[in-house]
Every structure is written in C-alpha cells, then in structure tokens.
Amino acid sequence: MLRTIILAASRSSQVERLVATAPFTRDLVHRFVAGARADDALRATRELVDDGLAVTLDNLGEDTVTPEQAIATRDEYVRLLRELSGAGLTPAAEVSVKLSALGQMFDEQLAYDNARAICAAAEAAGTTVTLDMEDHTTTDSTLDILAKLRKDHPSTGAVLQAYLRRTESDCRELATAGSRVRLCKGAYKEPESVAYQSAREVDKSYVRCLNILMSGDGFPMLATHDPRLIAIGEDRARWFDRGPERFEFQMLYGIRPEEQARLVGEGYTVRTYLPYGEDWYGYLMRRLAERPANLMFFGRAVMSRK
Ligand SMILES: Cc1cc2nc3c(=O)[nH]c(=O)nc-3n(C[C@H](O)[C@H](O)[C@H](O)COP(=O)(O)OP(=O)(O)OC[C@H]3O[C@@H](n4cnc5c(N)ncnc54)[C@H](O)[C@@H]3O)c2cc1C
C-alpha cells in the first residue's frame, strides 16, 4: 500500500514540485546526493577519500528514451572520469553505470557501445566501472553485455541481487578469478515467480550468495547496511583469509556513515556509492518505495547519522 503510494508519487510532477520546494527537501537531498553537478561530485568524493573511503559515482538519470540522451549520459561519464583522474581521485573512485541510462531499453547495441566507451575512459583514468543491476527483465541482457565488456575490460564489475531466485547460480558463474561482483539485496518490486518475497528469505539467500563469493576466486563487493550481514561478511573474511585488497564493503552515501567509518577503522575497504545529478527526485522516491523498510531506513537516517 505504502509502496504503491510512493511509486505513484515518484511519477507525479505535481508531487515532485511539492517535494522539490518543501523546506526539508534541501537537507534531505544533500544528505543522500552529492549535488547537481560534477563539481559537487568531485568535492564530495575528495572528502570521502580523505576519510579513507573508496567511492563509486553514479550520474543520476533515468527514463532514457532517445539515443541523444543515452549519448549525453555516456559523455558525462567520460568527462567525469577525466576529471577524477585529473584531480588524482582515481583509482580510489570508480563509476557505477545503469545500462538503461545508456539506451538498453530501446537499443542494446547502443547501450553496449556506450558502456564500452565508458570502460575505455575508466581504463585510461586508471579505474573501473560497475554495471548496476536493474529489474529482472534486464538481468540476462545486462549479464550478456557484461560478458562482452569483460573481453576487453576484465575489471568491469557486476551486480547480483540476492532477492532473485537465480542469483545463487549467477554467483557460481561469476565467482572466477578477477571477477568483481557486488552483492546487494535488490531494490525493485519483483514477482514471486522470480524473487523471494520475505525479508528472511532474502537475507538467507544473501548469506548463501556471500558464502559462494567469499569462498570463490573473484572479488566480492558486499553492498548492504544490514548489521547482521556485515558481521557475517567480517566473519567470512577472517575464515577465508581475505584481506582488504581481496574484497570490500559498500554502502550508500549518507546511510550509516559511522558504520562506514568504523569498518575503515578496522582496516576494511569500504566503498561509498555516491549519486549526483539533477535527477535526484526519482532516486530518492524509488529508494523509499523499493522496500517499505527503506522508509524507516531513510527516516532513521534523517533523524540520526548513526
Ligand atoms: C553500494 C550499493 C549499491 C547498490 N546497487 C544496487 C543495484 O545495482 N541494484 C539494486 O537493485 N540495488 C542496489 N542497491 C540497493 C540494495 O539492493 C538495497 O535495496 C539497499 O541497499 C537496502 O538493503 P540493505 O542490504 O541495506 O538492507 P535493508 O533490509 O534495507 O536494511 C537492513 C538493516 O540495516 C540496518 N540499517 C539500514 N539502514 C540503516 C540506517 N540508516 N541506520 C541504521 N541502521 C540501518 C537496519 O538494521 C535494517 O534493518 C545497492 C545498495 C548499495 C549499498
């Protein structure tokens, strides 16, 4: 019910205007988004890197429906990578890319070509690209494009979502030498036919997938704010003797910053996912809508920075 209301609000330009001009909005947005421009992203990246964090930058943008928009997104990433490198922020900072923003919905070849250009720019900048994962109708296409990209750019990172029933098997496929795999719970509303529905089932799947990745040959990236899963990640790192150069934790900008600092203090690699861009409304609303728990999660984060 709540999710339906928030999702409806995320598509309403009237609500967007209301939210965008509400007094609390500025603080809320700044809490979770670096700012509207690449300069803002660079400044926030510098602060995070100075605090010992690694960063993955996401240029916010969605509903890409024309080749021109897709190419503009590609060019923005290429420019950003050049600037990150010029500012000495690579390899600590990499980029996260949504294939839908590069044209996947209407032209897979265009999305692949754009992603390849971004991977080449990342390589020239001495850093990497991770392909965000979107809803389950795109999983096969995204993994196909990933496999093609990895031929020339083997460090290209994948994202797997523990809520999908297929993911254990995808983890086995991808837990190979040099393979960077971000494991997250998953953020979209998916049908029971393809996804676990209860939090308990998703958590159990996350642990099974985490075990496969941490015992495999790849580079696991454990993306979660969940204290139990983080503790299990720490345990498996000890068990499989994985130092900070062989796996990392990842969290979203503005969520549990003290936990991020604690993990850095313990000697772990922690990467903060840092969104920037003018298209912040959809990002914030989707995060609230993705899971009812996230409403609490953002609410808590607004009230306290713990
Ligand atoms: C780096 C990163 C990249 C991501 N990339 C993708 C992607 O490509 N595709 C995709 O579908 N999804 C992605 N996600 C989103 C992800 O799938 C989840 O929707 C999101 O991370 C929430 O899941 P959670 O594991 O944090 O657990 P939740 O179930 O949301 O929270 C679990 C527990 O964590 C604790 N917690 C959470 N927030 C707080 C807080 N603010 N303060 C205190 N405790 C808190 C609470 O104990 C809570 O019960 C990404 C997430 C991260 C962190």
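Computed from heavy atoms alone, side chains included, the values below leave out hydrogens, waters and symmetry copies.
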- Would you please test Glu123 and Val129 for side chain to side chain contact (heavy atoms under 4.5 Å, CB included) and show each step? CA-CA 9 Å; Glu123 202 161 289; Val129 175; over 6 Å; no
- Task: Please assess Leu174 against Leu146 for the test side chain to side chain contact (heavy atoms under 4.5 Å, CB included), listing each intermediate value before the final yes or no.
- Result: CA-CA 11 Å; Leu174 289 180; Leu146 173 85; 4.3 Å; yes
- Message: Run Leu149 and Leu131 through side chain to side chain contact (heavy atoms under 4.5 Å, CB included) and show every step you take.
- Response: CA-CA 10 Å; Leu149 290 170; Leu131 298 184; 3.9 Å; yes
- Query: After noting the C-alpha distance and the side-chain angles of Ile255 and Phe32, does the key distance pass the side chain to side chain contact (heavy atoms under 4.5 Å, CB included) rule?
  - Reply: CA-CA 8 Å; Ile255 309 285; Phe32 300 112; 3.4 Å; yes
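Taking all atoms of both residues into account, the shortest heavy-atom contact from Gln104 to Ser141 is NE2-OG, 2.8 Å. Between Tyr196 and Val202, the closest heavy-atom pair is O-CG2, 3.8 Å. Nearest heavy-atom pair, Leu252 versus Gln260, reported as atom, atom and distance to 0.1 Å: O-NE2, 3.2 Å. For the pair Thr64 and Ser100, the tightest heavy-atom approach, listed with the atom from each and the gap, is CB-O, 3.4 Å. Summarising the geometry of Ala101 relative to Gly61, their closest heavy-atom pair is CB-O, 4.0 Å, with the distance given to 0.1 Å. In terms of heavy-atom proximity, Met214 sits nearest to Gly233 at CE-O, 3.8 Å.
Side-chain contact check for Thr176 versus Asp217: every heavy-atom pair is 4.5 Å or farther apart. Taking the side chain as every heavy atom from C-beta outward, Asp144 and Thr142 never approach each other to under 4.5 Å. Contact of the Asp58 side chain with the Val95 side chain is not registered, since no non-hydrogen atoms from C-beta on lie closer than 4.5 Å. You'll find the side chain of Phe106 reaches within 4.5 Å of the side chain of Pro67, heavy atoms only. Within the 4.5 Å cutoff, no side-chain heavy atoms of Val270 are placed close to those of Gln250. Side-chain atoms of Leu164 and His136, non-hydrogen and from C-beta on, do get closer than 4.5 Å to each other. Using a 4.5 Å cut-off on side-chain heavy atoms (C-beta onward), Glu134 and Tyr188 make contact. Looking only at side-chain heavy atoms (C-beta outward), Ile230 and Thr224 come within less than 4.5 Å of each other.
Linking Ile, Leu, Val, Met, Phe, Trp and Tyr residues whenever their side-chain heavy atoms come within less than 4.5 Å leaves Leu99 and Ile71 in two separate clusters. Each of Val194 and Leu183 belongs to its own hydrophobic cluster when Ile, Leu, Val, Met, Phe, Trp and Tyr are linked at side-chain heavy-atom distances under 4.5 angstrom. Placement of Leu263 and Leu53 within a single hydrophobic cluster is found when ILVMFWY residues are connected by side-chain heavy-atom separations under 4.5 Å, directly or transitively. Linking Ile, Leu, Val, Met, Phe, Trp and Tyr whenever their side-chain heavy atoms come within less than 4.5 Å puts Met251 and Val159 in one cluster. The cluster map of Ile, Leu, Val, Met, Phe, Trp and Tyr, joined by side-chain heavy atoms under 4.5 Å apart, puts Ile232 and Val181 in the same cluster.
The side-chain hydrogen bond (donor to acceptor under 3.5 Å, both in side chains) test applied to Asp132 returns Lys98, Arg182, Tyr273, not counting sequence neighbours. Judged as a ring-ring contact (aromatic ring centres under 6.0 Å, His included), and not counting sequence neighbours, the contacts of Phe249 are Phe247, Tyr268. The side-chain hydrogen bond (donor to acceptor under 3.5 Å, both in side chains) check on Asp51 picks up nothing, with sequence neighbours excluded. For Glu76, the side-chain contact (heavy atoms from CB on, under 4.5 Å) partners at least two apart in sequence or on another chain are Ala38, Asn59, Arg79, Tyr276. Contacts of Asn211 classified as side-chain contact (heavy atoms from CB on, under 4.5 Å), with partners at least two apart in sequence or in another chain: Val207, Arg236. Applying the side-chain hydrogen bond (donor to acceptor under 3.5 Å, both in side chains) criterion to Arg166, with sequence neighbours excluded, gives Asp140, Asp170. Listed by chain and number, the residues in a side-chain hydrogen bond (donor to acceptor under 3.5 Å, both in side chains) with Tyr206 amount to none (sequence neighbours excluded).
Here Lys185 does not pair with Glu190 in a salt bridge; the nearest charged N to carboxylate O distance is not below 4.0 Å. Ion pairing between Glu201 and Lys204 fails under the 4.0 Å rule for side-chain N and carboxylate O.
Of the inter-residue distances, the one linking Ile145 atom CD1 with Arg150 atom CZ reads 13.5 Å to the nearest 0.5 angstrom. Going from atom CG of Leu42 over to atom CG of Leu57 covers 7.5 Å, rounded to the nearest 0.5 Å. With rounding to the nearest 0.5 Å, the separation of CD in Glu168 from SG in Cys209 is 5.5 Å. Of the inter-residue distances, the one linking Arg165 atom CZ with Ser205 atom OG reads 9.5 Å to the nearest 0.5 angstrom. The line from OG1 of Thr73 to CD of Gln69 is 7.0 Å long, rounded to the nearest 0.5 Å. Interatomic distance, OG1 of Thr167 versus CZ of Arg172, reported as 11.5 Å (0.5 Å rounding).
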Counting only pairs under 3.5 Å, give me each side-chain donor-acceptor contact of residues 111-121, with atom names and distances, residues two or more places apart or in other chains.
unit_1, atom_1, unit_2, atom_2, d
Asp113, OD1, Gln109, NE2, 3.0
Asn114, ND2, Leu102, O, 3.0
Asn114, ND2, Leu110, O, 3.4

Please report, to 0.1 Å, the donor-acceptor pairs under 3.5 Å made by any side chain of residues 80-94, with sequence neighbours excluded.
unit_1, atom_1, unit_2, atom_2, d
Thr90, OG1, Ala125, O, 2.8
Glu94, OE1, Thr128, OG1, 2.7
Glu94, OE1, Thr130, OG1, 3.2
Glu94, OE1, Arg180, NH2, 2.6
Glu94, OE2, Thr56, OG1, 2.7
Glu94, OE2, Thr130, OG1, 3.0

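Residues Phe219 make up the rest of the hydrophobic cluster containing Met221, defined by ILVMFWY side-chain heavy atoms closer than 4.5 Å, directly or through other members.
Residue pairs meeting the side-chain hydrogen bond (donor to acceptor under 3.5 Å, both in side chains) criterion with at least one partner in residues 41-50, sequence neighbours excluded, are Asp40-Arg43. Residue pairs meeting the salt bridge (charged side-chain N to carboxylate O under 4.0 Å, His left out) criterion with at least one partner in residues 238-253, sequence neighbours excluded, are Glu248-Arg271.
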